[in-house]
Amino acid sequence: MSVHENALNQIYRAASLAGISQDVLDILSIPMREVRVSIPVKMDNGEQRIFEGFRVQHNNWRGPYKGGIRYHNNVDLDEVKALATWMTFKTAVAGIPMGGSKGGVTVNPKELSEGELERLTRGWTRAMHGVIGPEIDVPAPDVNTTPREMAWIADEFGHPAVVTGKPIEAGGSEGRGVATATGGYYVFDKLRDRLFVDPEMGTIAIQGFGNAGRIFAGLCARHELKVIAVSDSSGGVYNPEGLDITALQNHKDSTHSVLDFEGAENITNEQLLELECGVLVPAALENVITEENAARIKAKVVLELANGPTTPEADDILFEKGVQVVPDVLANSGGVTVSYFEWDQNMKGEHWSEEDVDAKLKELMHGAAEEVWARKLKYSTDLRRGAFILALERLDSARR
Ligand code: GLU
């Protein structure tokens, strides 16, 4: 099944419990607009390469389209459609007045120089003229894009509110860099007792050591949760006694990989997913927990910091095993929530303090977690269906 089909499946499963009208579902099954562009880039060696770029605007009933832009070799229209669809549900779950979209470029950014990346990013922005804009559609960082890329987009477009996740000096918000991980921690902390994660089970395995996974690992360490394994695209490291996260972050910075960390055993990404632990945190890419490996997952809780890490078939297997999955549209919605705060500050010409941003983020994340939990109880279902039902209710009422 394609990722976009997975996303649709999640919507239909929730809708069938909550009695959402077919007209609404038909509209939500198809993005409102799909844009594909080609971006010619002059490479450092003087040759021209043409890259393929995308923007999919899934839905704007609740506000301007909102969603990141991803640079990865696997980016294609199907993936961007799925990611855009999830953004519509995520902004609705978080309760912020934005819609859902996503963008991407099919590229391995690690093969490009900084100058080539800048020309590619500015090229994407020019190609999206009339498609993106502060009151139309507002991009942000996603896999392999950072505040640096967002600053290029804002500069090329000529208005800070066209994009979020910018460096502070370019109109960025305090707290945006840590927002995805921090929001995930607030959601986890709110639901912790109800998920039956007693202190004994406070052992964490994290797949992915990019923006979300790395910062989440640091937060766990600060809150005395034991991180026993982490991985990146090259593989993982494991120490049942717990990893020293600060030392591991330094190790990653100097060697560009988490592998061969002193005192830890090298493991594969597949092994990490199947470790005995309290909380498994997929924080990389989609489709990593599937019907093939779900039965072997030993974690008690899966906290999805990645988008779409669990397939619908795997969801069913985990549910039967009693593994609670805190879904992406709730668990990683802290990123887009602070993105909305950034956009709001830019539109009003304000700059909020780190404390203000954090307090507002905490309030929204706790509220969203409560609302999702209430629907899980009301419909005797899992948290993913609970979250999708909440989003469908809010989307339907916006449409009316
Ligand atoms: N790319 C992030 C996500 O998947 C953030 C999107 C945003 O801030 O607009 O939620």
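These figures come from a predicted structure and were not determined experimentally. In each ligand, atom 1 is the first atom listed, and ligand 1 is the first ligand listed.
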For [atom], grab the closest protein heavy atom and report residue, atom and distance to one decimal in Å.
atom	value
atom 7 (C) of ligand 1	A140 CB, 3.3 Å
atom 8 (O) of ligand 1	S339 OG, 2.5 Å
atom 10 (O) of ligand 1	K90 NZ, 2.7 Å
atom 5 (C) of ligand 1	R176 NH2, 3.5 Å
atom 9 (O) of ligand 1	K66 NZ, 2.8 Å

Criterion side-chain contact (heavy atoms from CB on, under 4.5 Å) on R394 and E371, from CA distance to verdict: CA-CA 12 Å; R394 289 177 171 172; E371 294 288 340; 3.9 Å; yes
Does the cation-pi check pass for K90 over W86, that is, NZ or CZ under 6.0 Å from the six-membered ring centre and within 45° of its axis?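 So K90 doesn't make the cation-pi contact.
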Mark yes or no: K360 above the aromatic ring of W352, with NZ or CZ under 6.0 Å from the six-membered ring centre and no more than 45 degrees from the axis.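 Ring-cation test returns yes.
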Has K298 got more than 12 heavy atoms of other residues, nucleotides or ligands less than 6.0 Å from its NZ?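 Atom NZ in K298 is crowded, with more than 12 foreign heavy atoms closer than 6.0 Å.
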Within the supplied structure, the quantity of interest is the number of heavy atoms (other residues, nucleotides, ligands) at a distance under 6.0 Å from H223 NE2; does it exceed 12?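 Yes - once you tally the heavy atoms of other residues, nucleotides and ligands closer than 6.0 Å, there are more than 12.
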Decide whether the shortest distance between a heavy atom of G165 and an atom of ligand 1 is less than 4.0 Å.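 No, G165 has no heavy atom closer than 4.0 Å to ligand 1.
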Measuring from H58:NE2 to L28:CG, what's the distance to the nearest 0.5 Å?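 So the NE2 of H58 and the CG of L28 are separated by 5.5 Å.
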In Å, rounded to the nearest 0.5 Å, how long is the span from OG of S233 to CG of N144?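 Reported to 0.5 Å precision, the distance equals 8.5 Å.
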Near [X], which atoms of ligand 1 are under 4.0 Å from a heavy atom of that residue?
X	answer
G67	9 (O)
V336	7 (C), 8 (O), 9 (O)
D142	1 (N), 2 (C), 4 (O)
M87	3 (C), 4 (O), 6 (C), 10 (O)
G68	1 (N), 6 (C)

Looking at N332 and A306, would you say the former's side chain and the latter's main chain have a donor-acceptor pair under 3.5 Å?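 Indeed, once roles are kept as given, a pair shorter than 3.5 Å links the two residues.
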Can you confirm, on distance only, whether ligand 1 has an N/O atom lying under 3.5 Å from any N/O atom belonging to K102?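 In this structure, K102 places an N or O atom under 3.5 Å from an N or O of ligand 1.
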Is there side-chain contact between R385 and K376, with heavy atoms separated by less than 4.5 Å?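 Of all side-chain heavy-atom pairs linking K376 with R385, none is under 4.5 Å.
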Which part of P141 is near ligand 1, with near meaning a heavy atom under 4.0 Å away: side chain, backbone, both or neither?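 Backbone only; the side chain of P141 stays clear of ligand 1.
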Under 4.0 Å, heavy atoms only, figure out whether ligand 1 is touched by the backbone of V138, its side chain, both or neither.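 Answer for V138: neither.
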